[in-house]
Amino acid sequence: MRVATWNVNSLRVRGPQVLDWLAANPVDIIGLQETKLADADFPVADFEAAGYQVLFSGQKTYNGVAVAFRERAFTTRATALPGSDDPQKRVLCVADDDLCFLNLYIPNGSEVGSDKYAYKLDWLNRLQAYVGELRQQYRQLIVVGDFNIAPDDRDVHDPDEWRGKVLFSEPEKQAFRDLTALGLIDCYRLFEQPAADFSWWDYRANGFKRNRGLRIDHILASQALARQCVGCHIDKAPRGLERPSDHAPVVAEFEP
DNA sequence: ATGGCGGCTGAGAGCCGA
């Protein structure tokens with residue numbers, strides 16, 4: 001089983017790239033973020049023609065998450081954190097009898113100390129409780145998405161430049177550690193990885209060409225699944241295409 | 001140092017992202 005996560009920054013713009021990528025990289029499950037589409041506008045037929053079923057929770061203009069999958073009986077279990085009436089569509093939990101797949105677009109936080117940063121930390125706090133519940137319910141749990149957190153110095157092109165800033169502040173990194181402390185493993189770090197290997201680069205100032213990036217897109221797996229993980233990598237190729245998303249897909253492979 | 005770019009809406013310029 002191969003799974004992926006990709007913040008596409010508008011599925012309307014990136015739809016062809018996503019379908020091309022899936023044709024070349026036929027993963028079994030992919031979580032997409034920032035689709036920026038109302039549900040009525042989701043290109044269901046395009047995914048079905050490519051051999052994928054799709055579940056989604058979107059809104060106009062902002063946010064929006066989707067899960068495309070093959071040969072599974074996933075149904076939607078949640079489109080928000082429990083007890084939340086948040087209009088921002090950032091959560092899609094799908095599951096079948098064996099596996100729970102939680103796709104997240106965690107808030108960006110804008111700037112340390114801002115209202116959006118407080119919203120992000122509160123959101124992470126509520127996520128912690130929710131993932132704790134899922135952990136009890138599912139032996140096989142995968143949590144993917146745009147976390148908007150670089151967990152470690154290795155995940156930042158210039159840690160000293162970023163220290164204390166949003167995406168790399170201590171409370172955010174602590175929230176990431178708290179999630180992993182629930183029994184979730186960062187699949188990427190199970191393996192030896194290239195130095196300066198990132199999943200996001202700013203569009204501005206030639207961020208990608210200069211490799212001024214961050215690793216903020218993650219695939220976490222419960223221990224039972226992590227034991228079966230045989231590889232995890234970031235596919236930088238789509239970031240080099242014309243009109244790319246600012247994020248690259250991350251892929252993890254599991255063997256029974 | 002501040003702004004870079006790109007997508008969105010709605011038909012401007014401003015919001016938002018990370």
Side-chain angles (χ1 to χ4, degrees), chain A residues 5-19 31-43 56-66 86-91 103-124 127 144-176 188 196-218 234 236 238-250:
Chain A
T5 180
W6 193 1
N7 179 324
V8 296
N9 185 22
S10 171
L11 190 58
R12 218 187 290 278
V13 174
R14 235 66 66 189
Q17 288 186 23
V18 171
L19 294 168
L32 305 174
Q33 303 89 35
E34 283 207 89
T35 54
K36 301 187 177 180
L37 286 176
D39 288 350
D41 297 325
F42 199 94
F56 43 86
S57 175
Q59 66 186 97
K60 196 177 161 185
T61 311
Y62 299 121
N63 309 308
V65 281
D86 193 343
Q88 300 185 33
K89 302 300 188 188
R90 300 178 173 279
V91 174
N103 181 29
L104 301 172
Y105 175 42
I106 292 179
N108 164 276
S110 184
E111 200 176 330
V112 172
S114 66
D115 288 350
K116 286 177 182 172
Y117 183 74
Y119 167 73
K120 180 179 193 174
L121 293 185
D122 177 64
W123 205 96
L124 287 165
L127 175 65
V144 310
D146 176 0
F147 282 65
N148 273 317
I149 301 172
D152 191 271
D153 279 11
R154 294 170 292 177
D155 303 317
V156 179
H157 67 89
D158 184 344
D160 289 330
E161 180 183 324
W162 281 85
R163 216 170 298 285
K165 303 253 175 66
V166 76
L167 314 185
F168 196 54
S169 73
E170 278 306 322
E172 291 165 272
K173 287 189 274 188
Q174 184 60 51
F176 187 88
Y188 181 85
D197 192 37
F198 307 120
S199 69
W200 171 86
W201 301 260
D202 201 313
Y203 283 123
R204 299 165 294 186
N206 279 319
F208 183 59
K209 274 184 191 160
R210 298 158 71 197
N211 198 28
R212 291 172 56 85
L214 305 176
R215 190 178 71 93
I216 55 178
D217 301 270
H218 305 298
I234 300 166
K236 288 190 265 242
R239 187 61 178 80
L241 297 174
E242 287 294 316
R243 248 191 138 184
S245 168
D246 45 356
H247 295 252
V250 184

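The shown structure was predicted, so the numbers you read here are calculated from the model rather than taken from an experiment. Proteins get letters first, then strands, A, B, ... in listed order; numbering begins at 1 in each.
Going from atom CZ of Arg215(A) over to atom P of dA18(B) covers 16 Å, rounded to whole Å. Distance, Lys60(A) NZ to dT9(B) P: 6 Å, rounded to whole Å. Straight-line distance from the CG atom of Asn7(A) to the P atom of dG7(B): 12 Å, rounded to whole Å. Protein atom NZ of Lys116(A) is 11 Å distant from nucleotide atom C1' of dA18(B), rounded to whole Å. Here the P atom of nucleotide dC8(B) and the CG atom of Leu11(A) are 10 Å apart, to the nearest Å. Atom CG of Asp202(A) is separated from atom P of dA18(B) by 10 Å (rounded to the nearest Å). Atom CG of Leu167(A) is separated from atom P of dA18(B) by 8 Å (rounded to the nearest Å). Residue Lys120(A) contributes atom NZ, which lies 10 Å from atom P of dG17(B) at whole-angstrom precision.
Considering only the side chain of Ala205(A), dG4(B) comes nearest among dG17(B), dC8(B), dG4(B). The Thr61(A) side chain lies nearest to dT9(B) when the options are dT9(B), dG7(B), dA18(B).
Using a 4.0 Å cut-off between charged side-chain N and carboxylate O, Lys236(A) and Asp197(A) make a salt bridge.
Nucleotides dG12(B) and dA1(B) are separated by 37 Å at their P atoms, to the nearest Å. Separation of the P atoms belonging to dG10(B) and dC16(B) is 15 Å when rounded to the nearest angstrom. The same atom, C1', is picked in dG3(B) and in dA18(B); the two are 14 Å apart, to the nearest Å. Separation of the P atoms belonging to dA13(B) and dG4(B) is 15 Å when rounded to the nearest angstrom. Annotation: dG6(B) and dT2(B) have their P atoms spaced 23 Å apart (nearest Å).
A close approach under 4.0 Å does not occur between any side-chain nitrogen or oxygen of Asn9(A) and OP1 or OP2 of dG7(B). Neither OP1 nor OP2 of dG17(B) sits under 4.0 Å from any side-chain N or O of His247(A). Dashed line: the shortest gap from a side-chain N or O of Arg243(A) to OP1 or OP2 of dG7(B) is under 4.0 Å. The phosphate of dT2(B) has neither OP1 nor OP2 within less than 4.0 Å of any side-chain N or O from Arg204(A). The shortest distance between the side-chain N/O atoms of Ser110(A) and the OP1/OP2 oxygens of dC16(B) is not below 4.0 Å. Under 4.0 angstrom from either OP1 or OP2 of dA18(B) there lies at least one side-chain N or O belonging to Tyr105(A).
Asp146(A) comes within contact range of the sugar-phosphate backbone alone, with a heavy-atom separation under 4.0 Å but no base atom that close. As judged by a 4.0 angstrom heavy-atom cut-off over every strand, Arg14(A) is placed among residues touching the sugar-phosphate backbone only.
Under the side-chain hydrogen bond (donor to acceptor under 3.5 Å, both in side chains) test applied with Gln33(A), the options Asn148(A), Asn103(A), Asp146(A) reduce to a single match, Asn103(A).
Arg90(A) places a side-chain N or O within 3.5 Å of a backbone atom of Tyr105(A) that can act as its donor or acceptor partner. Using a distance-only test at 3.5 Å, with no hydrogens or angles considered, no donor-acceptor pair links the side chain of Arg212(A) to the main chain of Asp202(A).
Looking at Tyr119(A) and Asp86(A), their side chains do bring a donor and an acceptor atom within 3.5 Å of each other.
Each of Tyr203(A) and Val166(A) has a nearest nucleotide on DNA chain B; the 5'-most of these lies closest to Tyr203(A). Summary of the strand contacts: Thr35(A) and Ile106(A) both lie near DNA chain B, and taking for each the nucleotide with the nearest heavy atom, the more 5' one is attributed to Thr35(A).
Trp123(A) has its side chain within reach of Leu104(A): a pair of non-hydrogen atoms, C-beta onward, lies under 4.5 Å apart.
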